[in-house]
Amino acid sequence: MKILMVSIPSLHFFRWTSQLQDAGHEVYWFDITGMSTPVERIHWVKQKTAWKLRWNYPGRIFMKSRFPKIYRWLQSINERDTAKVFEAYLNEIKPDVVHSFALYVSCTPIISVMEKYPSQKWIYSSWGSDLFYFQNEPKYLADIKRVLPRVNYLFTDCQRDYKIAQQYGFVGEFLGVFPGGGGFNLAEMEKYKPPVKERKTILIKGFQGRSGRAIPVLKAIEQLQNLLSDFEIVVFGADAEVFSFVKKLNTDKWNNFTVLGKITHDEVVQLMGQSLIYIGNSNSDGIPNTLLEAICMDVFPIQSNPGGATAEIIENGVNGILIENPEDSQEIKQLLLKILDQNVLVEKGIKFNNSTIKPNLEYNYLRNQVVKKYDLIE
């Protein structure tokens with residue numbers, strides 16, 4: 001069948017779409033941003049990209065940074081209307097199904113078109129904070145309540161979001177819970193994995209911002225500085241707020257603390273391979289892909305549990321530790337103390353994940369499950 005994907009250009013989207021290569025479907029991609037160039041990673045997909053601007057005039061980026069008011073006025077003339085361009089592409093392709101990834105970026109901009117064509121089948125994949133966080137924002141909640149009754153099929157990355165979708169009007173067919181970026185090539189990951197007993201790194205996801213809560217983790221780490229002297233502490237993906245906070249910690253004198261900004265996905269996986277413990281903390285997410293990568297890389301996870309999503313994978317104290325209050329550095333400190341006092345908990349947790357969780361994350365296993373779900377739509 002013909003499948004028209006609607007998404008921003010993101011790693012998760014490319015990984016998900018790759019599952020459909022050689023699956024017998026004709027796949028198209030409408031880049032909802034309209035700004036990307038064709039992506040080689042999904043070269044077999046017919047791609048509608050770089051449609052947004054009528055003229056990509058010289059000096060546009062300079063104008064945007066130096067004269068933002070003039071730039072916004074020019075863009076009101078220069079930018080094509082997303083819904084109109086999408087509708088034309090929809091009528092050109094005549095797909096069997098449209099598949100949108102993330103409600104507020106890939107459903108809301110085209111909802112008027114999808115309402116105009118009520119017989120057009122529509123799949124929606126919820127990502128991360130898509131429903132859990134944005135249900136608390138009145139404007140976004142209005143979009144959620146408008147989109148969900150129109151959607152025919154739903155993928156989520158956790159059971160929590162299926163329940164939220166039902167609460168706000170989804171009555172279509174639920175296609176199941178799957179990682180937002182598809183499965184993981186476990187055999188390829190093996191080359192980055194020294195034995196667990198050789199690992200001495202505590203890896204911390206460094207997001208603060210809207211939902212990330214790295215700073216409470218760093219406050220807990222600061223209080224345990226002496227007890228963590230035998231570990232290497234690495235923060236990755238740090239944003240400006242985290243870098244600013246780290247300066248106040250005076251970590252130059254610690255000798256075992258490294259903070260990194262944005263790094264590539266391969267570099268994240270390599271860091272995972274050096275790590276014994278991974279800490280991810282946020283006030284909103286689905287099932288974080290970095291949590292799943294940690295499990296695949298034999299790392300013991302300590303992860304926040306917004307809305308109970310993480311508890312769908314992690315049994316607290318068995319194969320990981322759950323942070324129930326992501327704002328509470330004292331809770332996080334106590335959880336770390338528990339780990340430091342019970343080395344056997346880490347070893348048993350990793351063994352449990354290897355035998356019980358990891359096999360269900362393998363790329364080909366999940367790909368086969370996903371392809372079967374698409375086949376149900378025909």
Side-chain angles (χ1 to χ4, degrees), residues 4-10 12-13 16 29-35 48 51-52 72 75-76 79-91 95 97-178 180 207 209-213 282-288 304-309 326:
L4 173 55
M5 306 291 208
V6 183
S7 177
I8 61 173
S10 75
H12 294 336
F13 168 69
W16 177 277
W29 172 39
F30 182 80
D31 169 23
I32 197 70
T33 71
M35 298 298 288
K48 177 73 170 178
W51 54 263
K52 189 70 174 177
R72 286 194 293 271
Q75 288 304 93
S76 68
E79 289 187 356
R80 293 184 172 89
D81 182 83
T82 299
K84 289 180 179 178
V85 176
F86 174 76
E87 182 176 7
Y89 196 53
L90 182 75
N91 286 322
V97 66
V98 173
H99 188 169
S100 291
F101 296 78
L103 190 142
Y104 58 99
V105 293
S106 295
C107 293
T108 301
I110 64 169
I111 181 60
S112 61
V113 179
M114 298 305 289
E115 289 172 337
K116 187 175 177 180
Y117 299 88
S119 62
Q120 174 66 65
K121 294 178 181 178
W122 195 11
I123 308 170
Y124 156 52
S125 282
S126 72
W127 281 353
S129 297
D130 226 11
L131 299 177
F132 181 75
Y133 179 87
F134 285 103
Q135 67 180 326
N136 300 308
E137 301 285 336
K139 179 182 180 297
Y140 288 108
L141 180 58
D143 292 334
I144 289 169
K145 289 180 175 180
R146 183 180 177 186
V147 167
L148 287 174
R150 171 61 185 86
V151 168
N152 306 107
Y153 303 93
L154 174 68
F155 285 108
T156 67
D157 62 15
C158 58
Q159 286 287 342
R160 180 203 68 194
D161 286 352
Y162 174 41
K163 295 175 183 176
I164 295 175
Q166 289 178 302
Q167 179 183 344
Y168 293 122
F170 175 70
V171 293
E173 182 176 345
F174 182 49
L175 296 176
V177 174
F178 294 92
F207 293 175
R210 186 197 74 204
S211 293
R213 289 297 178 266
S282 68
N283 64 17
S284 177
D285 206 342
I287 301 295
S304 53
N305 186 35

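Each residue takes its place number in the sequence, starting with 1.
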Working to the nearest 0.5 Å, report the span between CD of Glu79 and NZ of Lys52.
-> 5.0 Å
How far apart are the closest heavy atoms of [X] and [Y], and which atoms are they?
X: Tyr124; Y: Asp130; result: OH-OD2, 2.7 Å
X: Trp51; Y: Arg80; result: O-NH1, 3.0 Å
X: Pro326; Y: Ser304; result: CB-CB, 4.5 Å
X: Tyr133; Y: Ser284; result: CB-OG, 3.1 Å

Measure from the side-chain N and O atoms of [X] to the backbone N and O of [Y], and report whether any donor-acceptor pair falls under 3.5 Å.
X: Asp157; Y: Gly180; result: no
X: Ser100; Y: Ser106; result: yes
X: Arg160; Y: Pro306; result: yes

Contact list for residues 144-156, test side chain to side chain donor-acceptor pair (under 3.5 Å), sequence neighbours left out = Glu115-Arg146, Arg150-Asn152
Mind checking what makes ring pair (Phe, Tyr, Trp, His ring centres under 6.0 Å) contact with Phe207, not counting sequence neighbours?
-> none
Listed by chain and number, what are the ring pair (Phe, Tyr, Trp, His ring centres under 6.0 Å) partners of Trp127, not counting sequence neighbours?
-> Phe101
Sequence neighbours left out, what passes side chain to side chain donor-acceptor pair (under 3.5 Å) with [X]? Give chain and number order.
X: Trp16; value: Tyr374
X: Glu87; value: Lys116, Tyr117
X: Ser282; value: none
X: Gln135; value: Tyr168

Once side-chain contact (heavy atoms from CB on, under 4.5 Å) is applied, do any residues pair with [X], and if so which ones, sequence neighbours excluded?
X: Val105; answer: Ile8, Ala102
X: Gln159; answer: Tyr162, Phe174, Val177, Glu312
X: Asp81; answer: Ala83, Lys84
X: Pro109; answer: Ile32, Thr82

For a 4.5 angstrom cut-off between non-hydrogen side-chain atoms, does [X] reach [Y]?
X: Thr108; Y: Leu103; value: yes
X: Pro95; Y: Gln120; value: yes
X: Phe86; Y: Leu4; value: yes
X: Cys107; Y: Trp122; value: yes
X: Val113; Y: Leu90; value: yes

Evaluate the side-chain contact (heavy atoms from CB on, under 4.5 Å) criterion for residues Ile111 and Asp143: first the C-alpha distance (whole Å), next the side-chain angles of each, then the deciding distance (0.1 Å), finally the verdict.
-> CA-CA 9 Å; Ile111 181 60; Asp143 292 334; over 6 Å; no
Will you find, in the side chains of Trp29 and Ser7, an N or O donor that is under 3.5 Å from an N or O acceptor?
-> no
Scan residues 162-171 for pairs that pass salt bridge (charged side-chain N to carboxylate O under 4.0 Å, His left out), counting only residues two or more places apart or in two chains.
-> none
Determine whether more than 12 heavy atoms belonging to other residues, nucleotides or ligands lie under 6.0 Å from atom OH of Tyr140.
-> no
Per side-chain contact (heavy atoms from CB on, under 4.5 Å), Ser126 is matched among Ile144, Asp161, Leu148 by Asp161
